[in-house]
Amino acid sequence: MKLNHFFLPECAFKVPGRVYARLIEWDRSEYALFDAVDADWFDGENSSSQGPLTTGRWPSLSMRAPVYAIEINSRLGEDLAALEWLDFWSGRLPTWLELQIFEDERGPANLYGNINGPAVRVRFSQSGITPHVLSSLKRVTDLSPYAKSGDELREALPTNSVERVFVLDVGQGAANALVTKSKKVLAYIDLGAGVLADTGTWPAAMTGICLKDDPVVVLTHWHYDHFHAANKFTTALNRTWIAPFQKIGPGPQSAMASSIAQNGNLLIWNGKGILKKGAIELERCTGSTGNFNRSGIAVWVNGPNDQDDPILLPGDAGYSDIPSLKRSVRAITSLVVSHHGGRAPGKAPAKPNLSTARAAMSFGNKNSYKHPLAPSIAKLQRAGWLIGFPKPVQDDRRTEDRGLNGLGTIDLRWSGSAIGPYQCNCGCSIEPTQ
């Protein structure tokens, strides 16, 4: 299996002197995340005897590239060094930067050479990247070579009906299984896990996912916590993945894209509107293209009967970023709450008058973002949902609420869905507990 060392369970690393980094997440005075590659290594490969780096050479090279994640997280004001840095640079950072790194316990950032940690505390100075190097970085991280037509993408989607949606307990991440009446997993919508500072939220009891029926994986966007479970259960990398066209970074994001492309089949959607086949509708979100959360794919899952309203899986998108939700009052049966209960602009979908209606929240206990946030809970309440958090559940279900088996996987279904235990002979641990 071709896998970058960044994704292995344990991997010692050397703090780099310089990195080329792309800003892949930014949230006011709360959080920033850079996806980075060692600059000296990249410069060496880009000036080798084979000539400048090309999209043809890059996928195999990225498997051994020294890549990093650099995180500045104020923890809602608890980390003062991070908060001061975020406040100072708010709205002023370019997307691409060269960072000179210095180990410093009092610095504002955590540097990860492994997705599972531990981090090294650092400070850095930043500068622009020369046009020649920036051109190379953008060229090798371009997902356009994997772009497919709507018909090709639709062909990759399954035709079977969906009976249930399992919101898997993966800690502070997202993964959802679409399950048939015969208990086959047709597709995964995201296949993520708790990462970086939230690695510890991953449940030890999650020992396997069901891949025996060759499910397709739909990636809502290219953030680590939405794809990293595939690096834990690496057979998932052999599958067909449908993912949005986004301008990814040269570090772990690009390494993951290369791993999927080399081990399995990477299909990129660079279109607009809705792709529908069988029970699944993929809808391109229309938020800012520079915002991964808000410019990915939302998924509507239709029930086994024509009269059933869909279950909505928005990934981390704002509700106002989903065109069909924004322009009309589209009824739903249940909702996987956007962004783990974090910030999600727009009005939340109204709660339906159904006994099966649930607002499922996928987050890890004591996560570093402090999800779910009080404003997000209030937004759901204004839409009619009865949210018990942090007290006992009402309409809400939370993956952090783990049963005796150590898992908090949530079962979403329609009023006419077949119920009963999910029994599988493959050794997976995706059966719902609530």
Side-chain angles (χ1 to χ4, degrees), residues 158 160-169 174-190 210 218 276 278-281 283 298-315 319 322 324-325 328-338 340-341 344 347-363 372 376-377 379-389 391-403 405 407-424 430-434:
N160 312 57
S161 65
V162 173
E163 198 79 12
R164 301 157 79 181
V165 176
F166 296 170
V167 183
L168 304 186
D169 177 4
N176 307 276
L178 308 190
V179 182
T180 69
K181 188 173 183 178
S182 59
K183 299 181 173 60
K184 293 182 179 180
V185 176
L186 284 184
Y188 286 99
I189 311 303
D190 288 325
C210 188
V218 176
K276 184 179 187 301
I280 302 172
E281 293 180 55
E283 183 168 11
V299 182
W300 302 86
V301 185
N302 294 294
N305 301 306
D306 291 341
Q307 67 270 25
D308 293 326
D309 290 318
I311 293 172
L312 174 59
L313 290 76
Y319 300 112
I322 305 171
S324 66
L325 184 65
S328 65
V329 182
R330 186 168 184 182
I332 62 170
T333 290
S334 284
L335 168 70
V336 178
V337 175
S338 182
H340 322 279
K347 184 179 179 181
K351 178 197 169 183
N353 185 25
L354 296 169
S355 62
T356 54
R358 297 287 180 266
M361 291 188 276
S362 179
F363 63 90
S376 298
I377 291 174
K379 179 180 294 188
L380 292 167
Q381 291 170 331
R382 288 194 297 272
W385 298 92
L386 301 177
I387 306 298
F389 181 86
K391 296 179 180 180
V393 298
Q394 296 187 58
D395 294 329
D396 54 324
R397 296 292 184 272
R398 294 98 66 156
T399 57
E400 73 155 358
D401 294 337
R402 292 174 176 165
N405 70 347
L407 290 169
T409 292
I410 301 163
D411 187 0
L412 301 180
R413 55 184 183 266
W414 293 266
S415 57
S417 295
I419 59 175
Y422 175 82
Q423 296 173 328
C424 184
I430 70 169
E431 182 173 353
T433 59
Q434 56 179 322

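For the pair Ile280 and Pro158, the minimum side-chain heavy-atom distance is below 4.5 Å. For the pair Arg330/Pro310, a side-chain contact is recorded, criterion being any heavy-atom separation below 4.5 Å from C-beta on. Here the side chains of Ser415 and Leu354 are not in contact, with every heavy-atom distance at 4.5 Å or above. Between Trp414 and Asn302 there is no side-chain heavy-atom pair separated by less than 4.5 Å. In this structure, Asn176 and Val301 have side chains that are not in contact, with every pair of non-hydrogen atoms separated by 4.5 Å or more.
Remark: Lys351 NZ to Arg358 CZ distance equals 8.5 Å, nearest 0.5 Å. With rounding to the nearest 0.5 angstrom, the CD atom of Gln381 is 8.0 Å from the CG atom of Leu386. Here the CG-OG distance, from Leu168 to Ser362, works out to 8.0 Å after rounding to the nearest 0.5 Å. The structure places CE of Met361 at 12.5 Å from NE2 of His340, a figure rounded to the nearest 0.5 Å. Atom CG of Asn305 and atom OG of Ser161 lie 9.0 Å apart (nearest 0.5 Å). For the atom pair CD1 of Ile430 and OG1 of Thr409, the computed distance is 8.0 Å after rounding to the nearest 0.5 Å.
The side chain to side chain donor-acceptor pair (under 3.5 Å) test with Asp169 is passed by exactly one of Arg398, Gln434, Arg402: Arg402. Tested against Trp385 for a side-chain contact (heavy atoms from CB on, under 4.5 Å), the candidates Val337, Asp395, Asp396, Ile377 yield a single pass: Asp395. Screening Ile311, Leu313, Ile322, Asp309 for a side-chain contact (heavy atoms from CB on, under 4.5 Å) involving Trp300 leaves a single residue, Ile322.
Between Ala383 and Pro349 the shortest heavy-atom distance is CB-O, 3.5 Å. Closest approach of Pro314 to Leu312, counting heavy atoms only: CD-O, 3.5 Å. Heavy-atom minimum distance, Pro432 versus Arg164: CG-NH2, 4.3 Å.
Within a 6.0 Å sphere centred on NZ of Lys184, heavy atoms belonging to other residues, nucleotides or ligands number 12 at most. The local environment of NZ in Lys347 is sparse, with at most 12 non-hydrogen atoms from other residues, nucleotides or ligands closer than 6.0 Å.
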For Leu412 and Thr333: C-alpha separation, side-chain torsions, deciding distance, then whether side-chain contact (heavy atoms from CB on, under 4.5 Å) applies.
CA-CA 9 Å; Leu412 301 180; Thr333 290; over 6 Å; no
Tell me, with the steps shown, if Glu431 and Asn405 meet side-chain contact (heavy atoms from CB on, under 4.5 Å).
CA-CA 10 Å; Glu431 182 173 353; Asn405 70 347; over 6 Å; no
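Although no hydrogens or angles enter the test, the distance criterion places a donor-acceptor pair under 3.5 Å between the side chain of Ser376 and the main chain of Gly341. At distances below 3.5 Å, at least one donor-acceptor pair connects side-chain atoms of Ser334 with backbone N or O atoms of Thr356. A distance-only check finds a donor-acceptor pair linking the side chain of Tyr319 to the backbone of Ser338 [under 3.5 Å]. At least one donor-acceptor pair under 3.5 Å links the side chain of Thr433 to the backbone N or O of Leu407.
Applying the side-chain contact (heavy atoms from CB on, under 4.5 Å) criterion to Lys181, with sequence neighbours excluded, gives Glu163, Ala418. By the ring pair (Phe, Tyr, Trp, His ring centres under 6.0 Å) test, Tyr422 is found to be paired with Phe166, residues two or more places apart in sequence or in another chain being considered.
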